[in-house]
Amino acid sequence: LAKTTQPISMDSYEGQEVNITCSHNNIATNDYITWYQQFPSQGPRFIIQGYKTKVTNEVASLFIPADRKSSTLSLPRVSLSDTAVYYCLVGPRGAGNNRKLIWGLGTSLAVNP
Amino acid sequence: NAGVTQTPKFQVLKTGQSMTLQCAQDMNHEYMSWYRQDPGMGLRLIHYSVGAGITDQGEVPNGYNVSRSTTEDFPLRLLSAAPSQTSVYFCASSLRTEGNIQYFGAGTRLSVL
């Protein structure tokens, strides 16, 4: 099973681009990479998912190199409201067994004024 | 749609008491899961279900029971509460074809004294 490793915390300032990297050296061929955002006193919320290369939506971009052993969540021009914990999740898309879904421990992002 | 609804939001128990955490979803999702979240330990899977009548153990199942009599409901029972079960509990649901895109409830904060 893939193991996911991400930085415990990061600091940034309003208006900057933030890149959070997740390492998943043992990723399997059919695994996808999914990122979640969690605010205090709320459940995690899906942000973005990808398999390879680059995916972009209205919230973030996800960069995945060819070897897929890592991925980088990019948040453009962060604001104070982006202060949250960000989780990396690796696993198959249609997991019949939730134990195949491997969660990172989360990266606490603090955006300063 | 209400999404995933968890009740109660807060609960205090004494050691040895039992209780049921309720979870309901109105998205007709096949998959439902229970996680606990503790500081520094991320999300850990307790039990999960791939459909009505089907449940299986996750990473930390001891001390907890589940059942899934309907697609909508997935209650988590604490049989005899222990201080080690003090945690925040999240219920999540997902489509069978998108198991890694999960929709979370707001959580139940449980303290066992």
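Predicted model, so just to flag it, every value in this text is computed and none were measured. Sequence lines set the chain letters: A, B, ... in the order given, protein chains first and strands last, and positions in each chain run from 1.
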Note to self: Is it the case that atom CD1 in I54(B) sees more than 12 heavy atoms from other parts of the structure closer than 6.0 Å?
What the structure shows: yes
Check: Linking I/L/V/M/F/W/Y whenever any side-chain heavy atoms sit under 4.5 Å apart, do Y35(B) and V4(B) land together?
Finding: yes
Note to self: At a 4.5 Å cut-off on heavy atoms, which part of Q37(B) comes close to chain A: side chain, backbone, both, or neither?
What the structure shows: side chain
Notebook entry, point to check: Heavy atoms under 4.5 Å from chain B: which residues of residues 33-69 of chain A carry them?
Noted result: T34(A), Y36(A), Q38(A), S41(A), Q42(A), G43(A), P44(A), F46(A), Q49(A)
Checklist line | Residues of residues 103-113 of chain A with any heavy atom under 4.5 Å of a heavy atom in chain B | finding: W103(A), L105(A)
Check: Does OH in Y103(B) sit with more than 12 non-hydrogen atoms of other residues, nucleotides or ligands closer than 6.0 Å?
Finding: no
Next item on the list: Look at the side-chain heavy atoms of Ile, Leu, Val, Met, Phe, Trp and Tyr, link any pair under 4.5 Å apart, and say whether V12(B) and L110(B) land in one connected group.
Entry: no
Checklist line | Same apolar cluster (I L V M F W Y, side chains within < 4.5 Å links), L80(A)/Y13(A) | finding: no
Check: So if you build clusters from Ile, Leu, Val, Met, Phe, Trp, Tyr with side-chain heavy-atom gaps below 4.5 Å, do I46(B) and M19(B) land together?
Finding: yes
Checklist line | Y87(A) reachable from Y32(A) in the ILVMFWY side-chain graph, under 4.5 Å edges | finding: no
Note to self: Please rank G58(B), G107(B), A92(B) by heavy-atom pairs under 4.5 Å with chain A and give me the top one.
What the structure shows: G58(B)
Checklist line | Point-to-point distance, once rounded to the nearest 0.5 Å, from CD1 of I102(A) to CG of L45(B) | finding: 10.0 Å
Note to self: Would you say that more than 12 heavy atoms from the other residues, nucleotides or ligands in this model lie under 6.0 Å from the CZ of R44(B), or not?
What the structure shows: yes
Item checked: Identified side chain to side chain contact (heavy atoms under 4.5 Å, CB included) counterpart of N100(B) within the set D31(A), L89(A), V90(A) -> L89(A)
Check: Does any non-hydrogen side-chain atom of L101(A) lie less than 4.5 Å from one of Q102(B)?
Finding: yes
